[in-house]
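Notes follow the structure.
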Amino acid sequence: MNLQAGLGYICLLCFSFVSTAKGDLQLLSFQPKTLYQYHYTLDVRLDHTSTPSLQGAWLRAEALVQLCSLWRDQDREELLQVQVRDLKAQHEPEEESQDGTRGPPAEIALSQESQAELQQPVFISWSSGKVKAAYGNEAESILISNLKRGITSLLQLQPHAGTAVEEDVSGSCQVTYTVSNHSITKTKDLLSCVKPNSGFTSINRIFGLKWQPTSRSQYTVKDNLLQSVLAEESHMVSLALKSTTGIKISSRQQLQLASRPIPGPAEVTARSLKDALAGMKGQHQPLGMASLPFRRVCTHCPSLRAYLKAFDSQRVKMDTSKAATTWQFQRFIQMLHSAKKRDVLQLLRTAPKEMLPFVVEAAVASQSVASLAALSDFLDFSKMPSSLLEKFLYAAAFSPRPSGQLLHLVLDKLDGKQLAPEVQETGILAMGSLVGKLCHQKLCGLQEVERGVETILRGLRDAEEESKMVIYLLALGNAVLPKTIPILLDHAEEGPTMVAIAAISALQRFPAQHISRKVKQAMRRIFHEKRKSYEKTCRLAAAEILLDKEPLPMDVINILLAANELETEMATFLLLKVQSSLYAHHHYPARKIMKDIMGDPRINNYNFFSKAGISSSFSGPLTVTQDLLSTFGLDLLFSEGGFLRKSVSDFSLLSHGQRLHAAQVTIEAQGMDSTLGENVLEGKEEPELMAGMSAIFFDVQLRPIIFFQGYTDLMAKILLSSGEPTSVVKGNLLLMDHHELIPLQSGFQVAIKLQGSLGLDISADMDVSIWEQELKTSINARGSLAIDFQAELDTPFLQATLRSQTEAETSVQFDTMLRFSSSPVLMCLQLREEQVPYREIFTVSKSAGSQSSTTQKARQGTMPGKEFALHQANSKVCNLLLAAEE
């Protein structure tokens, strides 16, 4: 028997040696009847990343953590009691001495209620480092309960190397362990954490935030006993568009065995963990490991009820291009978030006529239940002016994160009513935008979404007029639903010219991964006219899909070969489109393919690229920062007679792999050749005289505008013209809407809030002079941007808020002048930006006990205006035409 015991002991030693060689430690445990005391320290700091001179918020806490094992079973599962005692908290003093240094930390007085709750024990089911469950008092305040979760999460570890999914105060996260001697290192992937959803964000990530977290914990274990823990984490949270505006969060926890263990309470005799808990004093309900969400009660937020009392003296100035109006827009949204329906309805009914569109936009942007209910009661689509109804519909279409209730409201207001054509068309396009955004949020299964899709498809099936079919197809472009691609392909190949162009433009809105082999085959048939002939703009649109959406070398070569057989202007446009891809640094796959093809001398030669047309296609960067690339592209297609057929101006934003069509304005004109006495090419049908405009803003297709249709309409509008430009978009948009809770390892949370609004006033004008044979177009965009970025730290001892406010005003003018009296036609393009005034305000607010303080720093400046040099040939023509104008 002794021999067997000796062999067993030798085997145990060998196993221990092998485990140590592999880097594993022995199983952890706490001895019964023993009280372990750990010294606990916590440091949390928040700082602005762009203003290091502005002192942030800092909190330090110290406590004694007592731990003892009260029960264990044969499988080594233990019931541990964890108790926090003598907690003291400090924060950084506000006052600076004369030499610029700060005094000692200021003590924070804890309330008796907080002290009592802190000393209530929490119980955990623990097995050799793994916290399996926690039990405590559910009635405790959330902040105290979360602090205890942070302490118990420090006991979550494993004594061997490897990767696992653990649940702790951060949620359910992937962690990686490495083991060396007496040390265990745990690295937590905070981006992998799954936690209760307690926030929201804008659908387009360009208008969201970047979050870069790190978490690392160092454990020291000796003689199966946990000696110390050092847990450090950091979070960098910044604007996706401007990473220099952000918040840095640093958190550090330390648990250090304070002294040798002392005698503790006796073990509990019980058959099970449940029985052991039942024998403890008080109520001990199961507690989730993840921290509970906490929402701060805002005591200084604007109240709609208070605003209504002083309504006459607080009317909003309505210049949407000014930052003051945009800040007021955000203030209204905040008021409406917490307002009651009767107050919102009173505001809508008593607002003056010039202010009512502003209030409607704010009510839609807030998306509170009360605001949507008030809008439902207030909006009468059979009586109200079309301009106000369009304002409501566009506000819904531009919503950064629409709800099913908002789509439900739009559907109800449009259902079965005889509406003005412009309201009906705007409503259909808004419906498509809402459907697409809800599906992007993985809410395609909502009854409202299914109803919206069916409404659009049924309208498309029943439409008899081409103009109505175009609207429904553009709505499908706003929705970007892959299941509608077959429908779009059918209309692209079989529909009349207007319908086919609308279907192809809708297909252009889809990401490259949805442009399948079947789609490309259809585009090839349209471009190469395999089944029937197509109008040139239709063919070019099909070619653009083949060139822009992960192009195949075969398609590029075939398009280049076909260009030799095309009319001069169409061929020139296509060839320049291919060449511009060589310089599209943001479109690397296409650029590489084009570069490889252009390396073939059989393709890249004078015979291919010597077309003498005046059509053009080019794109280039406007602004380049570490976070953002803004590009400007301009496509100009002329008829063979030298008259502008189509122009497309595109402003795009690219940031961290995301792309957004900030603005795309298309102006089309046809029938100018025959009107001005030019001969129409033989075999071609003479088109009707027409000019119109179509625009996409922030990935939302707007209702197309017809300048004139037919010679009679043209003459009437020339004679009756007021000289005023046509308003394309005017109003306030909520672009950024983000709320997120970041749980810290300590159990505390930082609430991140972001709101960004844009006041926009875009107008367009087209002046046709038949007598002087000139065409002038002008697009004027004035706007103001206001961004409010906040980080709120809430603890039982200190509340801190770091806030960054940014505002800017800008004006961009894009003018086109064409003179047909000369041959070739002379064309001048001018893109200029006025000077941009901006201001940034950084604020740090702290409240501890009965004391509070606020510090602030600001900076402002003006970026000079500039005129963008588009290309050298354009500059020469502009000098010539502008000199003749003087």
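Scope of the values below: all heavy atoms of this structure, side chains included, with no hydrogens, waters or symmetry mates.
The closest side-chain donor-acceptor pair between Thr320 and Thr325, if any, does not fall under 3.5 angstrom. The closest side-chain donor-acceptor pair between Ser694 and Gln701 falls under 3.5 angstrom. With no hydrogens or angles considered, no side-chain donor-acceptor pair links Ser784 and Ser321 at under 3.5 Å. In this model, a donor atom of one side chain and an acceptor atom of the other lie less than 3.5 Å apart for Thr426 and Glu390. At a cut-off of 3.5 Å, with distance as the only test, no side-chain donor of Thr326 or Glu807 sits close to an acceptor on the other residue.
For Gln330 (side chain) and Ala786 (main-chain N/O), a donor-acceptor pair under 3.5 Å exists by modelled atom type. The backbone N or O of Glu361 sits nowhere less than 3.5 Å from a side-chain atom of Lys391 that would complete a donor-acceptor pair. Formation of a donor-acceptor pair under 3.5 Å by the His337 side chain with backbone atoms of Ser368 is not found in this model. Put simply, the side chain of Ser145 never gets that close to the backbone of Ser141: no donor and acceptor are under 3.5 Å apart. With Gln405 contributing its side chain and Gln367 its backbone, the two residues share no donor-acceptor pair below 3.5 Å. The backbone N or O of Ala502 sits nowhere less than 3.5 Å from a side-chain atom of His491 that would complete a donor-acceptor pair.
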For this session: Evaluate side chain to side chain donor-acceptor pair (under 3.5 Å) for Asp380 paired with Ser382, printing each intermediate quantity in order.
Result: CA-CA 5 Å; Asp380 187 342; Ser382 62; 2.6 Å; yes

For this session: Could you walk me through whether Ile787 and Leu785 pass the side-chain contact (heavy atoms from CB on, under 4.5 Å) test, one step at a time?
Result: CA-CA 7 Å; Ile787 299 175; Leu785 179 67; 3.9 Å; yes

For this session: Check the pair Asp788 / Gln755 against side chain to side chain donor-acceptor pair (under 3.5 Å), numbers first and verdict last.
Result: CA-CA 5 Å; Asp788 190 358; Gln755 270 199 336; over 6 Å; no

For this session: Applying side-chain contact (heavy atoms from CB on, under 4.5 Å), run through Arg839 and Ile841 and close with a yes or a no.
Result: CA-CA 7 Å; Arg839 183 171 65 155; Ile841 302 174; 4.1 Å; yes

Exercise. Yes or no on side chain to side chain donor-acceptor pair (under 3.5 Å) for Ser505 and Arg509, after CA distance, side-chain angles and deciding distance?
Worked result: CA-CA 7 Å; Ser505 69; Arg509 305 281 301 278; over 6 Å; no

For this session: Check step by step if side-chain contact (heavy atoms from CB on, under 4.5 Å) holds for Ile456 and Leu460.
Result: CA-CA 6 Å; Ile456 296 172; Leu460 180 60; 5.6 Å; no

Problem set entry | Stepwise side chain to side chain donor-acceptor pair (under 3.5 Å) check, Thr201 with His738 | CA-CA 4 Å; Thr201 188; His738 185 99; 2.7 Å; yes

Exercise. Under the side-chain contact (heavy atoms from CB on, under 4.5 Å) criterion, do Met693 and Thr666 qualify, and how do the steps go?
Worked result: CA-CA 6 Å; Met693 182 181 69; Thr666 301; over 6 Å; no

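With rounding to the nearest 0.5 Å, the separation of OG in Ser386 from CD in Glu422 is 4.0 Å. Atoms CD1 and CG, from Ile742 and Leu190 in turn, are 9.5 Å apart once rounded to the nearest 0.5 Å. Atoms CZ and CG, from Phe294 and Asn146 in turn, are 9.5 Å apart once rounded to the nearest 0.5 Å. Distance check: Ile249 CD1 to Leu744 CG gives 6.0 Å after rounding to the nearest 0.5 Å. Separating the CG atom in Leu389 from the CD atom in Gln424 is a distance of 11.5 Å, to the nearest 0.5 Å. Between Leu434 atom CG and Leu443 atom CG the span is 12.0 Å, to the nearest 0.5 Å.
Within the 4.5 Å cutoff, the side chain of Ile752 has no heavy atoms near those of the His739 side chain. The shortest distance between side-chain heavy atoms of Leu660 and Phe207 falls below 4.5 Å. Under the 4.5 Å side-chain criterion, counting only non-hydrogen atoms from C-beta, Arg803 is not in contact with Phe789. Within the 4.5 Å cutoff, side-chain heavy atoms of Leu372 are placed close to those of Leu406. Residues Glu354 and Leu356 have side chains not in contact (no heavy-atom distance under 4.5 Å, counting atoms from C-beta outward). Annotation: side chain of Pro704 is in contact with side chain of Ile471 (closest heavy-atom distance under 4.5 Å). Put simply, the side chain of Pro402 reaches to within 4.5 Å of the side chain of Gln441, judged on heavy atoms.
Across every non-hydrogen atom of Leu754 and Gly208, the tightest pair is CD2-O, 4.2 Å. Here the closest non-hydrogen pair linking Asp650 and Ser652 is OD1-OG, 2.6 Å. In plain terms, the two heavy atoms of Leu702 and Tyr394 that are nearest each other are CD2-CE2, 3.5 Å. Contact record, Ala397 with Val700: O-CG2, 3.7 Å, taken as the closest heavy-atom pair. Minimum interatomic distance between Arg149 and Ser291 (heavy atoms only, all atoms of both residues): CD-CA, 3.9 Å. Closest heavy-atom contact between Cys439 and Leu481: SG-CD2, 3.7 Å.
Taking a 6.0 Å sphere around CD of Glu138, one finds it holds more than 12 heavy atoms contributed by other residues, nucleotides or ligands. With a 6.0 Å radius and a threshold of 12 heavy atoms from other residues, nucleotides or ligands, Gln418 has its CD atom at or below the threshold. In Lys730, the NZ atom is not crowded: 12 or fewer heavy atoms of neighbouring residues, nucleotides or ligands sit closer than 6.0 Å. By the neighbour-count criterion of 12 heavy atoms within 6.0 Å, atom CZ of Arg295 is sparsely surrounded, having that number or fewer from other residues, nucleotides or ligands. In Arg451, the CZ atom is crowded: over 12 heavy atoms of neighbouring residues, nucleotides or ligands sit closer than 6.0 Å.
Listed by first then second residue, pairs satisfying side-chain hydrogen bond (donor to acceptor under 3.5 Å, both in side chains) with a partner in residues 455-471 read Glu454-Arg461, not counting sequence neighbours. Legend: salt bridge (Lys or Arg N to Asp or Glu O under 4.0 Å) pairs involving residues 748-761, not counting sequence neighbours, sorted by first then second residue: Lys753-Glu792, Asp761-Arg782.
Here Lys413 pairs with nothing under the salt bridge (charged side-chain N to carboxylate O under 4.0 Å, His left out) rule; sequence neighbours left out. In terms of the salt bridge (charged side-chain N to carboxylate O under 4.0 Å, His left out) criterion, residue partners of Lys242 (sequence neighbours excluded) are, by chain and number, Glu840. Residues passing the salt bridge (charged side-chain N to carboxylate O under 4.0 Å, His left out) test with Asp699, sequence neighbours excluded: none. Under the side-chain contact (heavy atoms from CB on, under 4.5 Å) criterion, Val359 pairs with Phe332, Leu347, Leu348, Ala351, Met355, sequence neighbours left out.
Note: Phe510 and His514 have perpendicular aromatic rings, judged against thresholds of 30 and 60 degrees for the angle between ring planes.
When each of Lys846, Arg296, Gln790 is tested with Thr801 by the rule side chain to side chain donor-acceptor pair (under 3.5 Å), just one qualifies, namely Arg296.
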